[in-house]
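Proteins get letters first, then strands, A, B, ... in listed order; numbering begins at 1 in each. Just so we're clear, the structure is a prediction, and the values are computed from it rather than from any experiment. Any value given below was found using the heavy atoms of this structure, including those in side chains, with hydrogens, waters and symmetry copies removed.
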There are 4 protein chains.
Amino acid sequence: MPREVRERQMLDAAVVAFARHGYQAASMDDIAEAAGVSKPLVYLYLKSKEDLFMACVRREVGALVAAVREGTRERELTADQQLWRGLTAFFAHTAARPDGVAVLYRARTQGEPFAREVAAMRVEIVTIVTALLGQAAQDAGCGELAEREVSGLAHALVGAAESLAEWANSRSCASADSSSAKDTAATLMNFCWAGLENLMTGRPWMAPGH
Amino acid sequence: MPREVRERQMLDAAVVAFARHGYQAASMDDIAEAAGVSKPLVYLYLKSKEDLFMACVRREVGALVAAVREGTRERELTADQQLWRGLTAFFAHTAARPDGVAVLYRARTQGEPFAREVAAMRVEIVTIVTALLGQAAQDAGCGELAEREVSGLAHALVGAAESLAEWANSRSCASADSSSAKDTAATLMNFCWAGLENLMTGRPWMAPGH
Amino acid sequence: MPREVRERQMLDAAVVAFARHGYQAASMDDIAEAAGVSKPLVYLYLKSKEDLFMACVRREVGALVAAVREGTRERELTADQQLWRGLTAFFAHTAARPDGVAVLYRARTQGEPFAREVAAMRVEIVTIVTALLGQAAQDAGCGELAEREVSGLAHALVGAAESLAEWANSRSCASADSSSAKDTAATLMNFCWAGLENLMTGRPWMAPGH
Amino acid sequence: MPREVRERQMLDAAVVAFARHGYQAASMDDIAEAAGVSKPLVYLYLKSKEDLFMACVRREVGALVAAVREGTRERELTADQQLWRGLTAFFAHTAARPDGVAVLYRARTQGEPFAREVAAMRVEIVTIVTALLGQAAQDAGCGELAEREVSGLAHALVGAAESLAEWANSRSCASADSSSAKDTAATLMNFCWAGLENLMTGRPWMAPGH
DNA sequence: GATGAATGAGATTTCATTCAT
DNA sequence: AATGAATGAAATCTCATTCAT
């Protein structure tokens, strides 16, 4: 059996194991057995447990980013529509590959090299979102918001999306269809878009005493 | 030395260790040494590593919920002001006790009993937020939103808050003062409040084609 | 049981195991079992296999050097008599502790840290021998030999002694008494002393053509 | 490529690997790669790691013995001159093939089959030396020395030579020329020849009290 | 003749946990 | 109340070795 096929089998098995039991608790024995190969072969192909985990993380990072990018590709749409498509793609992906997402989730608490990888992914997504917000501000004809403010908003949006994804997936286990992804994306747009528009047109929410 | 004091020392040491190294990587040896006691004493007081971790989680859950509750206590304020106060309290707490928060963060990826505890905490906070949103809807004199929709919004808000807290704390390491907590809370209110108001008054964002 | 006693038991067992099977082939399992303790205890006390081996090497180095030094202690004797006593002590020690000597033998082929330790021991013994040769030259009232020449002679003497020890011990397995040590020492003195005396008094062996 | 050439390549690579890392630490993977062939081919030609090591040992044993024999071939010379030539050949060989010598060195601590091979080589060399000593005794017109005594002397000589070779090679790394081999041989002759002559003519060194 | 693919067995090391005192 | 001493169980990783082609 060719090396690439075996390697994918191992990664598949590893993603499942890491997602379910976590990095430490998942044992190389179990992963090898689940992949249908012997342990030494796993080491031959993937060098060490750390490298194996890193390979899983990178694969899932790539898949998630690709999905979101695919969703926001069409440039002729308005900013809010692009954002909505990106969110829909995000929710669809998290619903379709729960184990892959779980690996990324775990990786965030597994120390420097792994957390950095996920952080880089967040930066990438935040950058996409930031670009959309900038375009939206232009479309609204308003001046620029402070960069720091925009960055904070993008982080808030990403966090909200992650939280919603987790909540949505924990509820309707079976209905992982595209319509529910659209619904969830709409919920999030409802949650934030008016506020963002107000900000861009200079009508922010006012803290008491200001 | 009285038992309670010793026990708090152990919990303090354990929180630091678990926050920094994670559940598995933190060793009972290190915790006992950091607490200034012998290992058997840790076992005498706290039974097992799992129980010790659970005790840490519960203590930090309690502290965080108490902080948020304290912030939203005053009932004569308007809903948005209560929400703003609660968020401020949340950001102030996460900035003040990073290790405690990190323990909760870790607990979410440590399997059933621990993840459940944190999930319960989220439910509690979501419930508080949901109540505030309900009150806001009443104040706005609008009809009811679907319960599922409100729940989703609350989850989005909590997720956004968590993400912002992480972002804010990773940036200004030193300026963990109350003013920055207020700023962050204001950013989040800007982000979402207009959208929530629109929803409550029946003017949602419209997905294309609806 | 107190720590020191246990530690000596472990070292004893380790010396036997390393002597008989070599560093790599001796397993920590076997050593622990032979010492009558569990493996983790060996690791608790002696840190790692490398450290355990090093501890064995250092103990045996110390014992051998101490034996030789003890033999050459009396300063009022003539140089040849001191040398003879040192050799006798050396042969007696190698006959009495074959496993200890074997460990040193093994250590020479086990890489940097261990080989260095044995090399340092050889330097120490060579230094003792060199001092004796220097004293002998003084007693003979001759000028000084080149330092490099003396060093070479001392190395030759030590090598000859090692080789003789191995030969003697491989023969009379049972008669490891002090008389055979004296005989072996006498053989070696016969082998080399006249040549050394000639060198010191300026009558070297002549290579053909010189 | 003909089998013999391939086989020599493998042996060359193996000698280097065994010399540098030792029997256990040298891996078949590395040896195969260094020889430029695949691992199964090594097994096809040389059966097993043990057999490969044994082949190395035997080759180097043969080379060393041949060198020494070549040096002592001329029968019309006096015994001391033959001995000096043999020693010169020995020192020249050890300086020219350090890896080969190192393999023999390692083999002595690698258990029965290998140690025996090296021991047999020593016996062979000791036999040559013994014959020379016997001839010298005859030339000196003296009676016979006890066989055991002569054997001991020959062992001492060989040990001294080994030790000197190691010392000489560890010093002048670059000057591995024939003149330094001659110098080292002369040093050793100086060290021992007068004593041997004295022994043969019945004037041994006297231990105190005899 | 030559090899990519694969493995069985065993090595060191770590850790949560418990007695006897 | 508190601990030094000790362990069972399991983890990661390596390596010599063999098929099927």
Could you give the CG-to-C1' distance, from D/L52 to F/dC15, as a whole number of Å? 15 Å

How is B/A26 classified with respect to the nucleic acid when contacts are heavy atoms under 4.0 Å: base, sugar-phosphate, or nothing? sugar-phosphate

If you compare every side-chain N and O of A/R6 against the phosphate oxygens of E/dA5 (OP1, OP2), does one of them come in below 4.0 Å? no

One thing to verify: whether A/D12 and A/R59 come together as a salt bridge, which I'm taking to mean a side-chain N less than 4.0 angstrom from a carboxylate O. yes

On DNA chain F, compare the nucleotides closest to A/D30 and D/M28; which residue's is nearer the 5' end? A/D30

In whole angstrom, give the distance that lies between atom CG of A/L41 and atom C1' of F/dC15. 14 Å

Residue mapping more 5' on DNA chain E - nearest nucleotide basis, C/E50 or B/Y43: C/E50

If E/dT21 has a Watson-Crick or G-U wobble mate with both distances under 3.5 Å, name it; if not, just say none. F/dA2

I want to check a possible cation-pi pair here: A/R3 against A/Y45, using under 6.0 Å from ring centre and within 45° of the ring axis as the test. yes

In whole angstroms, how far is the C1' atom of F/dA10 from the NZ atom of A/K39? 10 Å

D/D29 CG to E/dA6 C1', straight-line distance once rounded to whole Å: 13 Å

Would you mind checking if B/R8 and B/E4 are paired as a salt bridge, meaning a charged N to carboxylate O distance below 4.0 Å? no

Most 5' of B/V37 and C/S38 on DNA chain F, judged by nearest nucleotide: B/V37

Ignoring backbone atoms, test whether D/Y45 places a side-chain nitrogen or oxygen under 4.0 Å from the OP1 or OP2 oxygen of E/dA2. yes

Taken to the nearest whole Å, CD/D/Q24 to C1'/E/dA9 is 15 Å

D/E7 atom CD is separated from E/dA2 atom P, nearest whole Å, by 12 Å

Pair C/E162 + C/R122, salt bridge at N-O below 4.0 Å: yes

Could you give the NE2-to-P distance, from B/H21 to E/dA16, as a whole number of Å? 12 Å

Gap between atoms OH and P, on D/Y23 and F/dT14 respectively (whole Å): 20 Å

In Watson-Crick or G-U wobble terms, with both distances under 3.5 Å, the base opposite F/dT12 is E/dA11

Ionic contact status for B/R108 with B/E117, cut-off 4.0 Å: no

Which of the following nucleotides, E/dT12, F/dT12, F/dT14, is nearest to the side chain of A/P40? F/dT14

